Amino acid sequence: QVQLVESGGGLVQAGGELRLSCAASGGILSSYAMGWFRQAPGKEREFVASITKGGRTTYYADSVKGRFTISRDYAKNTVYLQMNSLKPEDTAFYYCAANSMSALRRRPNEYDYWGQGTQVTVSS
């Protein structure tokens, strides 16, 4: 059973940056494709970014492409989401998730394990 714990959220002004971390325990993170999702109040959870098991390929939602970067550190069993040029519309609860199959998966129900989430608030 993989446990995921996110950290790094907070309040930031528009144009600022944050780095989210997702630390894993109870499993080897390299066995999983990893994704970041977000959910704003009253909206469905949406895909943000994903990274392959080997870390060589990444995928992004169009809304964050060029601003966000997903990466993974195998030694620390941790996945990161670097968020630059933040916008008020990026405000949401951010979750990391793991699936044992493919980083091409973008639907929440295709992921097996989830963290508890971390709040990101971007003020205008």
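A quick note: this is a predicted structure, and the numbers were derived from the prediction, not measured. Numbering of residues begins at 1 and proceeds along the displayed sequence.
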Next on the checklist: I'd like to know whether Met83 forms a side-chain contact (heavy atoms from CB on, under 4.5 Å) with Val12, so could you lay out the CA-CA distance, the side-chain angles of the two residues, the decisive distance to 0.1 Å, and finally the verdict.
Outcome noted: CA-CA 11 Å; Met83 305 186 295; Val12 64; over 6 Å; no
Checklist entry - Passes salt bridge (Lys or Arg N to Asp or Glu O under 4.0 Å), Lys65 versus Asp62? Steps please. => result CA-CA 5 Å; Lys65 202 171 293 183; Asp62 289 343; 3.2 Å; yes
Checklist entry - Stepwise, does the side-chain contact (heavy atoms from CB on, under 4.5 Å) test hold for Asn99 with Glu110? => result CA-CA 7 Å; Asn99 86 76; Glu110 294 177 316; 5.9 Å; no
Next on the checklist: Pair Ser85, Arg67 - check side-chain contact (heavy atoms from CB on, under 4.5 Å), show working.
Outcome noted: CA-CA 6 Å; Ser85 302; Arg67 300 188 298 120; 4.0 Å; yes
Checklist entry - side-chain contact (heavy atoms from CB on, under 4.5 Å) between Met34 and Leu4: does it pass, once the steps are laid out? => result CA-CA 11 Å; Met34 299 298 297; Leu4 304 173; 4.2 Å; yes
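Expressed to the nearest 0.5 Å, how far SG of Cys22 lies from CD of Glu6 amounts to 5.5 Å. Residue Gln13 holds its CD atom at 5.0 Å from OG of Ser123, rounded to the nearest 0.5 Å. Of the inter-residue distances, the one linking Asn84 atom CG with Glu17 atom CD reads 5.0 Å to the nearest 0.5 angstrom. Expressed to the nearest 0.5 Å, how far CG of Asp112 lies from CZ of Arg105 amounts to 7.0 Å. Taking CD1 from Ile51 and CZ from Arg56, the interatomic distance works out to 12.0 Å, rounded to the nearest 0.5 Å. Taken to the nearest 0.5 Å, the CZ atom of Arg106 stands 11.0 Å off from the CD atom of Glu46.
The minimum heavy-atom distance linking Ser50 with Ile70 is given by the pair O-CG2, 3.5 Å. Considering all non-hydrogen atoms of both residues, Ala14 and Ser124 come closest at CB-CA, 4.3 Å.
Counting heavy atoms from C-beta on, the side chains of Tyr95 and Gln39 come closer than 4.5 Å. In this structure the side chain of Val120 never reaches within 4.5 angstrom of the side chain of Thr91, judged on heavy atoms. The shortest side-chain heavy-atom distance between Pro108 and Arg45 falls under the 4.5 Å cut-off. Contact check for Leu18 versus Leu86: side-chain heavy atoms found under the 4.5 Å cut-off.
When Trp36, Phe37, Tyr32 are each tested for a ring-ring contact (aromatic ring centres under 6.0 Å, His included) with Trp114, only one passes: Phe37.
In this structure, Thr78 contributes its side chain and Lys76 its backbone to a donor-acceptor pair below 3.5 Å. The backbone N or O of Ala103 sits nowhere less than 3.5 Å from a side-chain atom of Thr52 that would complete a donor-acceptor pair. Side chain of Tyr59 to backbone of Gly35: no donor-acceptor contact under 3.5 angstrom is found.
Leu81 and Val122 fall within the same hydrophobic cluster, defined by Ile, Leu, Val, Met, Phe, Trp and Tyr side-chain heavy atoms under 4.5 Å apart, directly or through other members. One hydrophobic cluster, built from ILVMFWY side chains closer than 4.5 Å, cannot hold both Phe68 and Tyr80; they sit in different ones.
For Tyr111 and Tyr113, the ring centers sit 6.0 Å or farther from each other.
With no hydrogens or angles considered, a side-chain donor-acceptor pair links Arg38 and Tyr94 at under 3.5 Å.
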